[in-house]
Amino acid sequence: MVTMGKRLTCLRLQLAAIFVVTVLRGTDAITITSTGPQTIQKAQGDTVTLGCTYSTASTDTGSLDIEWLNVRPDMTQKDQLILSYTGGQMLHYGDPSLSARLSFTQDPTQGDASINLTGLKTTDTATYQCKVKKSPGVDMRKVTLVVMGPPSVPKCWVKGSEYKGSDAVLQCRSSTGSIPLTYVWTRETGGSMPPTATQNGQSGELLIRNNSQSYSGNYLCVVSNPVGQAQCQYTLNAYDPPNKAGIIAGAVIGALLLLLLLLFLIWLLICCCHKRRYEKEVAHEIREDAPAPDSRPGSRNSSFRSVLGYRSHAGVVYSSVRNARPNRTQSSNSSMKNGRNNSMQKPSEQKVAPVPPPVLKYDSAYGYAV
Ligand SMILES: *[C@@H]1O[C@H](CO)[C@@H](O)[C@H](O)[C@H]1NC(C)=O
Ligand SMILES: *[C@@H]1O[C@H](CO)[C@@H](O)[C@H](O)[C@H]1NC(C)=O
């Protein structure tokens with residue numbers, strides 16, 4: 001108990017000492033007397049006053065020295081001096097686009113070193129420090145300025161359908177403006193907000209479940225942030241949903257038409273193929289009659305070209321291969337291959353096929369090479 005009491009007395013003494021020191025300092029030296037918010041929010045284009053009133057003490061005998069600094073958020077960077085009053089002279093520093101908009105609100109020697117910054121830009125967002133010195137006294141104050149862009153005029157539209165019984169979603173969105181943006185939907189005409197309506201102030205969505213005639217009318221969206229607001233409007237309707245029987249009938253008819261079209265296409269294809277195959281057969285017969293010029297030595301290229309030409313018409317070529325086979329030395333080999341993989345081997349058979357029998361030696365070499 002005794003030690004407890006001693007401790008309390010000790011604490012009281014300490015508090016008293018702190019109080020005395022504070023009071024003494026207050027009367028003894030220069031003190032910035034400006035109060036007000038540490039953070040000021042302003043809209044783009046506005047003028048802001050950064051307050052820095054001060055009172056001097058009789059002990060402060062030195063010359064008055066006032067400095068305004070732009071305090072960098074990054075500790076490793078040097079704070080930027082932007083305005084000073086030293087030796088009876090006012091001086092601007094740094095970025096001219098800032099200093100041109102910066103001035104003391106009045107004669108800074110008369111206890112008010114506040115500044116005005118006009119034509120605010122979002123890039124002026126920073127922490128500013130006022131430092132008043134009159135030796136040996138010195139004091140300083142920091143204030144953070146946040147310059148915000150007001151929201152642009154939003155767009156209002158509906159997402160999804162506006163049919164009776166379905167869910168309608170009204171969307172409101174502002175494309176520019178400093179965050180946080182807040183959206184509020186209200187109903188302008190036709191009564192109070194539908195009981196099935198829910199809204200999201202951050203996304204700007206108004207969901208109206210089970211839309212009905214009684215919900216139609218004008219809805220207003222207001223978007224705001226601390227420095228401005230804007231609005232748009234949407235007229236909600238409640239249309240009769242399309243006839244279901246009609247949709248089904250339409251779908252059935254559509255499907256039938258599609259089927260007919262497919263059948264027609266298939267018929268067309270079959271017809272066409274038959275015709276072309278017949279034409280090819282005729283053409284090939286004519287060509288088989290004239291392989292003689294091809295067979296002369298050094299005509300490899302031309303025979304190869306004809307090979308390529310045949311490749312796409314397997315049926316035709318196949319019959320010619322059969323015709324040629326009895327005259328060929330490697331025919332057994334290729335027929336073995338053919339047995340193994342019928343579909344794969346067709347092209348290789350085609351290659352040898354058009355080469356006529358008279359150049360047997362040359363042709364076999366070619367066949368093996370491939
Ligand atoms: C400073 O700005 C305030 C508005 O913030 C204005 O009323 C005042 O006249 C301005 N003073 C000077 C000297 O520009
Ligand atoms: C939708 O609204 C109608 C009246 O407009 C009501 O009869 C029906 O029960 C509602 N449906 C749902 C799912 O709430």
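Index from 1, following the sequence. Heavy atoms only: backbone and side chains are in, while hydrogens, waters and symmetry mates are out. Numbering of ligands and ligand atoms starts at 1, following listing order.
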Checking a contact table here: which protein heavy atom is nearest atom 14 (O) of ligand 2, and how many Å away?
Asn210 ND2, 3.1 Å
Thr49 N/O under 3.5 Å from ligand 1 N/O:
yes
If you scan the protein for heavy atoms around atom 11 (N) of ligand 2, do you find one that is closer than 4.0 Å?
yes
With the side chain counted from C-beta on, respond yes when Leu170 and Tyr234 share a heavy-atom pair under 4.5 Å apart, and no when they do not.
yes
Could you tell me if the side chain of Leu83 sits less than 4.5 Å from the side chain of Met90, heavy atoms only?
yes
Considering heavy atoms of the protein only, find what lies nearest to atom 13 (C) of ligand 1 and give residue, atom and distance to 0.1 Å.
Thr105 O, 3.5 Å
Within 4.0 Å of some non-hydrogen atom of Asn116, the atoms of ligand 1 are 1 (C), 2 (O), 3 (C), 8 (C), 10 (C), 11 (N), 12 (C), 14 (O)
Is Gln202 atom CD crowded by more than 12 heavy atoms from other residues, nucleotides or ligands, each under 6.0 Å away?
no
Please tell me whether Cys232 and Cys172 are bridged, where bridged means their SG atoms are separated by under 2.5 Å.
no
Are there protein heavy-atom neighbours of atom 2 (O) of ligand 1 below 4.0 Å?
yes
Of all protein heavy atoms, the one nearest atom 5 (O) of ligand 2 is Ser212 CB, 3.9 Å
With a 6.0 Å cut-off (strictly less than), is the heavy-atom count around CD1 of Ile179, excluding the residue itself, greater than 12?
no
Thinking salt bridges, do Asp65 and Lys134 make one under a 4.0 Å N-O criterion?
no
Taking atom 7 (O) of ligand 1 as the reference point, report whether a protein heavy atom occurs under 4.0 Å from it.
no
